[in-house]
Protein chains: 2
Amino acid sequence: MTPATVDSPGRPTLEEVARLAGVSRATVSRVINASPKVSPEVQAVVEAAIAELNYVPNRAARSLVARATMSIALVVPEDAHRFFGDPYFADIVQGISDRLDDSDYVLNLQLTHPSSPSEKTRRYLLGGNVDGALVVSHHSGDHFLASIGQSLPVVFGGRPMGAAGTPGRPTDYYVDVDNRLGAVQGTRHLIASGRRAIGTITGPRDMPAALDREQGWRDALLEAGLSDERVAHGDFTEEGGAAAAEELLDRHRDLDAIFVASDLMASGALGILAGRGRSVPADVAVVGYDNSRYATRGPIQLTTVAQPTRQMGIAMADTLLRLLAGEQPQHVQLLPTELILRDSA
Amino acid sequence: MTPATVDSPGRPTLEEVARLAGVSRATVSRVINASPKVSPEVQAVVEAAIAELNYVPNRAARSLVARATMSIALVVPEDAHRFFGDPYFADIVQGISDRLDDSDYVLNLQLTHPSSPSEKTRRYLLGGNVDGALVVSHHSGDHFLASIGQSLPVVFGGRPMGAAGTPGRPTDYYVDVDNRLGAVQGTRHLIASGRRAIGTITGPRDMPAALDREQGWRDALLEAGLSDERVAHGDFTEEGGAAAAEELLDRHRDLDAIFVASDLMASGALGILAGRGRSVPADVAVVGYDNSRYATRGPIQLTTVAQPTRQMGIAMADTLLRLLAGEQPQHVQLLPTELILRDSA
DNA sequence: CTGAAAGCGCTAACAC
DNA sequence: GTGTTAGCGCTTTCAG
C-alpha cells in the first residue's frame with residue numbers, strides 16, 4: 001500500500017480525456033500541443049474535458065517518445081557551503097533562473113563533490129534525465145565533467161579546464177569574463193596610486209579563473225617593473241581570505257596593497273587588517289573582485305573588479321537553449337569587467 | 001537536425017545490451033534491478049556488456065512503467081538572494097543532499113516567488129515530474145503550497161501555516177525545532193544576567209518560525225514580570241536586522257539587551273550598535289538564533305540559540321523517503337535547540 | 001533460472 | 001480535420 005494509491009483514482013490519462021471528449025487520443029494530443037489542424041469546436045470540447053478532469057500530461061511518457069526531457073541540469077561541483085556562501089553563485093543562478101523562466105525548461109540542481117562527481121551524478125547526466133547541462137565552478141581535477149560535453153550539450157560558466165591543466169577543448173561552450181584583464185585593471189589601479197609592494201590573495205589553484213586572475217596581477221606588476229613575490233593562496237572563502245592575509249602580512253612586512261581574487265576573501269582580509277591595526281587604504285590598499293554585496297557590506301567600501309555575474313547566468317542559459325534548439329551559438333562569450341572605485345584603494 | 005542526432009549513435013538501449021550479451025531483455029532488466037534470480041554466469045556476461053556499451057538505463061522509460069520519477073522537488077519560496085544569503089538554507093540543503101545521496105532519488109530545485117508560486121511551478125509539481133516535495137521557508141500567504149500536501153507527498157521545513165494564519169492541518173508532515181522554547185532559553189539567559197529592558201528583532205510576520213520566536217521572547221519576559229513592548233520587525237536579512245536595530249535604539253533609549261531572531265539579523269544589529277558606540281555586551285547584550293557562521297564571523301562572538309539545521313534537512317529528506325516507501329513516519333518531528341554562550345551576552 | 005509478450009502514456013506518420 | 005497504427009525503452013507477469 002503506497003500512499004499514492006491509497007485513495008486516488010490516479011491522475012487522468014490522455015485516453016480518459018479522449019473518451020470523455022468523444023474523440024481519439026491523437027486529437028487530444030493535437031490540442032495539447034496546439035496543432036493548427038483541429039477544428040475550433042472539437043478543440044473546445046477537448047479543452048473542456050481537460051479542465052474537467054484536471055488533466056496534466058505525463059512527462060515521462062512524453063519524454064520517452066519525444067526523446068527530450070525539457071529539463072536541464074545545473075551541475076555545481078562544490079559543497080553546499082561554498083555554493084551558498086558566495087554571492088557569485090546566487091547571481092549566476094538568478095540569471096539562469098530568469099532566463100529559463102521564459103522557456104519551457106526547468107532547472108535541476110546537482111550538487112556534487114568538487115573533484116569527483118559521484119557515480120550518481122554521472123548516471124543522472126548520462127541517463128537521459130536532462131537535455132543539457134550547465135556547469136559552474138569547474139575544477140581541473142574533474143575529468144568526467146571535462147569530457148561530459150562530448151555526450152551532452154553543455155555550457156560552462158568560466159573557461160573549463162581539460163585534464164591536467166590543459167586549456168579546454170575548442171569544442172567547449174563557455175561564458176566567461178576576461179579574468180586576466182580584470183586583474184590587470186585592478187592591479188594597475190594600485191600601481192597608479194603609488195603602491196609598490198603589492199601582494200595578491202589567489203583563489204584555488206585548480207580553477208582557471210583563479211589562475212587567470214593571478215596571472216593578470218603578475219602581468220601588471222611585471223610591466224611596471226615591480227616584484228611579484230607576494231603571493232598567498234586562498235580558496236574563495238572568507239576564512240581562506242583571512243588566513244591568506246595573515247600569511248601575507250607575516251611574510252612581507254612592507255606590504256602596502258593587496259589584490260584579492262574575490263570580495264568574499266577580501267572581506268576576510270579586511271578583518272585581519274583591522275585586527276592588526278593596519279588602516280585601509282592608508283597603510284594597505286585593497287582591491288577585490290566580483291563587486292558582490294560583500295564589497296559594500298562592511299565599514300570599508302571595497303574597490304573591486306565588477307563582472308556582470310547575473311548576465312553571465314543569462315548568457316549561459318541562453319547559449320544552452322540555443323544549442324538545444326539546434327542553433328550554432330558562439331563557443332566562447334567573454335563579458336566585460338569594470339573597475340569600481342570605492343574607499344579601499 | 002538536432003545536435004543530439006548529428007553524429008551520435010544514440011545512447012545504447014537495454015535491447016542492445018541484451019543482444020550483445022546473448023540474452024533476453026528481461027534478463028538484462030533483472031540484472032539491472034539486482035533481481036536475485038539470475039545465475040552468476042549470466043549476470044557476469046550481462047554486466048560486461050553493460051560496461052562495454054557504457055549503458056545507462058533511460059529514466060523516462062523506467063518512470064513510465066514504474067509510475068515513479070525517482071526525483072523530488074525542493075521548493076523554495078524565496079528569491080535567489082535570500083536563499084543564498086542565509087546559511088540556514090545552506091545547512092538545510094546540505095542535509096537534504098546528504099540524505100538523498102544514499103538514495104536513488106535526485107533533487108530538483110524550484111525557486112519561486114515568496115507568496116505566489118508561478119503557474120510553472122504548479123504544473124511542475126502537479127504534472128508528475130516529481131514523486132514528492134520538500135518545502136522550506138513557507139509563508140502564510142501561500143495557499144497553493146499550504147494545500148499541496150493533499151495532492152503530493154510533502155514534507156515542510158518548519159511548521160507550515162494554513163491559510164490566514166491558521167495552524168497547519170494535522171495531516172501535514174514537518175520537521176522543526178521548538179522555536180518558542182529556543183527563544184525562551186535565549187531570553188531567560190538575558191534576564192538571568194540582569195538585563196531588564198530587553199527588546200527583540202523579529203523575522204517576517206508571515207512566517208511561523210518568526211512568530212514563535214517572538215512569542216517565546218514575550219513569554220520569558222512576562223514570566224519574569226518584564227515589559228514586552230520593545231519590538232522591531234526584521235526580515236531575516238542582515239540589512240533588515242540593521243534597520244530594526246536602529247528603530248529599536250531610537251525608540252527605546254534604555255534598551256540593554258536584544259533577542260534577535262536570526263544570526264544574520266544579529267550581525268546587522270551588531271554593526272549598528274558599534275556605529276553608535278554602544279558596547280556589546282556591556283551596554284547592550286545580544287542573543288542571536290541559528291548558530292550559523294555569522295555568529296562567529298565578526299569581532300564579537302555571538303551568543304546564540306543553536307538549532308541542528310543540517311539534521312533538520314536530513315530529517316526532512318528522510319521523512320519524505322519514508323513516505324514514498326509507503327511507511328507511516330511521524331507527522332511532526334521537533335529537534336532540540338541549545339543555547340550557545342559566547343561573548344555577546 | 002530465463003524468455004515471450006504485453007503494456008506504461010504519449011506522439012507521429014499514415015490513411016481516410 | 002480526424003482516426004488508426006506503431007512504437008519510444010523499460011518492467012513484469014506468465015510460461016517453460
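Naming convention: chains lettered A, B, ... in sequence-line order (proteins, then strands); numbering from 1 in each chain. Just so it is clear, the values below take in all heavy atoms, side chains as well, and ignore hydrogens, waters and symmetry mates.
- Put simply, the side chain of B:S63 gets close to the backbone of B:R59: a donor and an acceptor are under 3.5 Å apart.
- Atom CG in A:N33 sits about 10 Å away from atom C1' in C:dA12, given to the nearest Å.
- With respect to the salt-bridge test (charged N to carboxylate O, under 4.0 angstrom), the residues A:R310 and A:D98 qualify.
- What separates CG of B:N129 from C1' of C:dG9 is a distance of 14 Å, to the nearest Å.
- Note on A:N58: every side-chain N or O is 4.0 Å or more away from OP1 and OP2 of C:dC8.
- Between the base of C:dG9 and the side chain of A:R59 there is no donor-acceptor pair shorter than 3.5 Å.
- OP1 and OP2 of C:dG3 both lie 4.0 Å or more from every side-chain N or O belonging to B:R25.
- If you check every strand for non-hydrogen atoms under 4.0 Å, A:A66 touches nothing.
- A straight line from CD of A:E15 to P of C:dC10 spans 9 Å, rounded to a whole angstrom.
- Within a 6.0 Å radius of CG in A:D102, other residues, nucleotides and ligands contribute more than 12 heavy atoms.
- Between D:dG3, D:dT2, C:dC10, one nucleotide has an atom nearer to the side chain of A:V38 than all others, and that is D:dT2.
- In the set C:dG9, D:dT11, C:dC1, C:dC1 carries the atom at the smallest distance from any side-chain atom of B:S39.
- Using a distance-only test at 3.5 Å, with no hydrogens or angles considered, a donor-acceptor pair links the side chain of A:D131 to the main chain of A:T69.
- Distances were taken from every side-chain heavy atom of A:V23 (C-beta onward) to each of D:dT2, D:dG3, C:dG9; the shortest belongs to D:dG3.
- Between the C1' atom of C:dT11 and the CZ atom of A:R67 lies a distance of 12 Å, rounded to the nearest Å.
- In terms of phosphate contacts, B:T13 brings no side-chain nitrogen or oxygen within less than 4.0 Å of OP1 or OP2 of D:dG9.
- Atom CG in A:L64 sits roughly 13 Å away from atom C1' in D:dA6 (whole-Å rounding).
- Side-chain N/O atoms of A:R30 include none lying less than 4.0 angstrom from OP1 or OP2 on C:dT11.
- Of the candidates D:dT2, C:dT11, D:dG3, the closest approach to any side-chain atom of A:V65 belongs to C:dT11.
- Note on B:S24: every side-chain N or O is 4.0 Å or more away from OP1 and OP2 of C:dA4.
- Atom pair B:R62:CZ and C:dG7:C1' shows a separation of 17 Å (rounding to whole Å applied).
- Distance CZ (B:R19) to P (D:dG9): 11 Å, rounded to an integer number of Å.
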